[in-house]
Amino acid sequence: MNVGWAYMGIAAILVVFGAVLALSNYDPYGDLVIVSSLLFIYKGSTEITDGRKVREADDAESTE
């Protein structure tokens, strides 16, 4: 499994948890949790993109 997908899973959990906190009248904490998930979204998307670039480079080398 790619590490990027693990980061995206953590981000999804944080978004849901932050939304539950925000709806439960813990607004500043819910907002903080949702904003902190942006770090995991960025890190996960970067890892997924890097993995895709490596795979495409390997495919280009194998077809030559």
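Just so we're clear, the structure is a prediction, and the values are computed from it rather than from any experiment.
Side-chain heavy atoms closer than 4.5 Å link hydrophobic residues (I, L, V, M, F, W, Y) into clusters, and following such links, possibly through other members, connects I10 to Y29.
A salt bridge is absent between R52 and E56: the closest approach of a Lys/Arg side-chain nitrogen to an acidic carboxylate oxygen does not fall below 4.0 angstrom.
Nearest heavy-atom pair across Y7 and G44 is CB-CA, 3.5 Å. Here the closest non-hydrogen pair linking A11 and I41 is CB-CG1, 3.5 Å. Across every non-hydrogen atom of V33 and L14, the tightest pair is CG1-O, 3.3 Å. Here the closest heavy-atom approach between residue S37 and residue V15 is recorded as OG-CG2, 3.4 Å.
For the atom pair CD (E47) and CZ (F40), the distance works out to 12.5 Å, reported to the nearest 0.5 Å.
Inter-residue side-chain proximity for M8 and I48 is flagged as met; some heavy-atom pair is nearer than 4.5 Å.
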